[in-house]
Amino acid sequence: MFRGFFQNSFPYVIEDIRRLLEAFFIPLICYMYLPIEINDYKVKKILGVFSTIVVIYCAICWCLDLGLGIKVMPPQSDAGSTMRVLKQEQALIVAIIACYRIYSDLSGENRRYISLQGFLLILVVILLQHRSVWIAFITGIIYISIKCNLVSIKNIDHKSISISFLLQLIMFFICFPIFLFMFKDSHLLIQLQAGVSGINAQDGSTLNYREQLWTAHLSGLSFLEWIIGKPFGSGYLVHLTNYVREITPHSAYIQTIIRCGILGVVAIVLFILVIMVKCIKYKKNWGAAVCLMLLVFWYPYSYNFYTAIALAFVVRDLRYEKYNKAKVMLKTNFKNVI
């Protein structure tokens with residue numbers, strides 16, 4: 001960073017620093033010190049109201065699009081884009097809230113099945129058609145499903161499973177093929193199929209273009225720049241086949257390599273992994289799922305204000321857990337002294 005002040009124009013160095021601060025450090029530092037606790041009843045209620053508003057908003061937009069032909073979003077080149085009424089980072093926040101809702105449902109003692117709100121949030125994440133969010137969401141769901149221990153093994157001869165959740169799975173596998181058959185020619189399913197096909201597309205897909213962009217960015221790095229990165233303020237000038245222009249790499253890992261080198265990437269990944277390990281240690285499985293989702297999401301997208309807030313809430317939850325343990329220990333020691 002300091003090399004940039006000696007080698008590049010001052011405004012460009014400040015611009016790089018500002019981007020890094022506003023997309024990562026400032027929201028992380030600010031939100032991790034908020035006096036809230038994610039498992040508090042009021043916080044859960046706020047998340048529930050927010051989720052309801054998101055579902056209603058998306059439903060209205062999609063009804064206008066599919067029912068009346070009014071395009072809320074302008075058409076884009078990639079598949080299913082008119083359904084993307086939320087940006088990819090906003091869709092990721094919805095996916096994180098959905099994971100939290102599902103985790104709360106499946107880890108409860110009184111009930112162990114996915115609530116209606118959980119299903120609606122899953123549906124919203126699917127219909128938003130951000131493929132990168134899909135992959136991150138599936139990663140979080142798999143982790144949560146494993147940690148919720150839906151199939152509990154008390155001994156080698158006895159296994160138990162949540163009956164309510166099992167019935168939900170049976171209903172899903174019965175209704176899903178019927179739904180596909182009834183609406184096989186609908187505009188919605190055509191868009192969803194195009195979105196799924198775009199994940200593995202070799203030509204014309206967003207990921208294919210970004211891989212070319214990343215290769216072009218990395219090919220211009222020297223050995224020293226691979227280790228410690230380019231000076232801040234160097235810009236993102238890239239040479240592709242048909243043009244030369246300034247364009248950010250659209251990947252947190254590639255962007256970190258360009259600015260901070262391999263050392264910076266290792267530091268960021270270790271930072272997230274340490275938080276994840278602490279979440280596992282204190283049984284904050286939702287927080288560990290968020291860390292996994294961020295590690296996946298940062299492959300095709302860079303850091304942003306929303307992902308930093310999500311990470312801040314995870315860190316805040318860990319700090320709250322440590323505070324409670326220290327408080328209990330202090331009370332115990334005080335009683336022993338008395």
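Bear in mind that the values here come from a model prediction, so they are computed numbers and not experimental data.
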- Task: Just jot down the side chain to side chain donor-acceptor pair (under 3.5 Å) partners of E15, sequence neighbours excluded, or say none.
- Result: R18, R19
- Non-neighbouring partners of Y306 that pass ring-ring contact (aromatic ring centres under 6.0 Å, His included), sequence neighbours left out: none
- Item | F232 with L21, same ILVMFWY side-chain cluster at under 4.5 Å | yes
- Task: Determine yes or no for a side-chain-to-main-chain donor-acceptor pair under 3.5 angstrom, with W214 supplying the side chain and P249 the backbone.
- Result: yes
- Query: According to a 4.5 Å side-chain heavy-atom criterion applied to Ile, Leu, Val, Met, Phe, Trp and Tyr, with indirect links allowed, do L123 and V94 form part of one hydrophobic cluster?
  - Reply: yes
- Can you list the residues that meet the side-chain contact (heavy atoms from CB on, under 4.5 Å) rule with I141, with sequence neighbours excluded? C99, I102, F137, S145
- Are any side-chain N or O atoms of S251 and backbone N or O atoms of P300, one a donor and one an acceptor, separated by less than 3.5 Å? no
- Query: Partners of W62 by ring-ring contact (aromatic ring centres under 6.0 Å, His included), sequence neighbours excluded?
  - Reply: none
- Query: Cluster question for you: counting only ILVMFWY and a side-chain heavy-atom cut-off of under 4.5 Å, with indirect links fine, are V315 and V277 together?
  - Reply: no
- Taking all heavy atoms of V85 and all of C61, pick out the closest pair and write down the distance. CG1-CB, 3.5 Å
Hey, can you pull the donor-acceptor pairs under 3.5 Å for the side chains in residues 285-294, sequence neighbours left out?
{"residue": "N285", "atom": "ND2", "partner": "Y103", "partner atom": "OH", "Å": "3.2"}
{"residue": "W286", "atom": "NE1", "partner": "I96", "partner atom": "O", "Å": "3.3"}

- If Ile, Leu, Val, Met, Phe, Trp and Tyr residues are connected whenever their side-chain heavy atoms lie under 4.5 Å apart, and connections chain through other members, are V274 and I268 in the same group? no
- Message: If I take atom CG from residue L121 and atom CD1 from residue I126, how far apart are they, to the nearest 0.5 angstrom?
- Response: 11.0 Å
- Under the ring-ring contact (aromatic ring centres under 6.0 Å, His included) rule, collect the residues that match up with F24, sequence neighbours excluded. Y303
- Go through the steps for N304 and T307 under the test side chain to side chain contact (heavy atoms under 4.5 Å, CB included), then give the verdict. CA-CA 6 Å; N304 58 68; T307 58; 3.5 Å; yes
- Task: Apply side chain to side chain donor-acceptor pair (under 3.5 Å) to S302 and list each qualifying residue two or more places apart in sequence or on a separate chain.
- Result: Q255
- Could you check if a side-chain atom of W298 sits within less than 4.5 angstrom of a side-chain atom of V269, using non-hydrogen atoms only? no
- Without swapping roles, check the side chain of Y253 against the backbone of L295 for a donor-acceptor pair under 3.5 Å. yes
- Atom CG of L116 and atom CG of D105: how far apart are they, to the nearest 0.5 Å? 10.0 Å
- May I ask you to test the D16-L20 pair for a side-chain heavy-atom distance under 4.5 Å? no
- Can you tell if the side chain of R259 reaches within under 4.5 Å of the side chain of Y236, non-hydrogen atoms only? yes
- Could you pull out the closest heavy-atom pair between V133 and Q88, with the gap in Å? CG2-O, 3.5 Å
- Shortest non-hydrogen separation from S219 to A216 and the atoms involved: OG-O, 2.9 Å
- Do you know which two heavy atoms are closest between F271 and L311, and how far apart they sit? CE2-CD2, 3.9 Å
Residues 46-58, side-chain donor-acceptor partners within the protein, below 3.5 Å, at least two apart:
{"residue": "S51", "atom": "OG", "partner": "L47", "partner atom": "O", "Å": "2.7"}
{"residue": "T52", "atom": "OG1", "partner": "G48", "partner atom": "O", "Å": "2.9"}

- Query: How far does CE of M83 sit from CG of L127, to the nearest 0.5 angstrom?
  - Reply: 5.0 Å
- Message: Ignoring hydrogens, what is the shortest heavy-atom contact between I93 and A310? Give both atom names and the distance.
- Response: CD1-CB, 4.2 Å
- Using side-chain contact (heavy atoms from CB on, under 4.5 Å) as the criterion, list what pairs up with I262, not counting sequence neighbours. W226, I257, V266
- Message: Nearest 0.5 angstrom please: I114 CD1 to L120 CG, how far?
- Response: 11.5 Å
- Message: Distance check, rounded to the nearest 0.5 Å: R101 atom CZ versus L106 atom CG?
- Response: 10.0 Å
- Item | Shortest non-hydrogen contact from Q129 toward W134 | CA-CZ2, 3.5 Å
- Query: With a 4.5 Å limit on heavy-atom distance, are the side chains of F313 and I309 in contact?
  - Reply: yes
- With sequence neighbours excluded, residues passing side-chain contact (heavy atoms from CB on, under 4.5 Å) with V296: I135, A136, T139
- Query: So how far is it from L221 CG to I227 CD1, rounded to the nearest 0.5 Å?
  - Reply: 10.5 Å
- Query: Mind checking what makes side-chain contact (heavy atoms from CB on, under 4.5 Å) contact with K87, not counting sequence neighbours?
  - Reply: E89, Q90
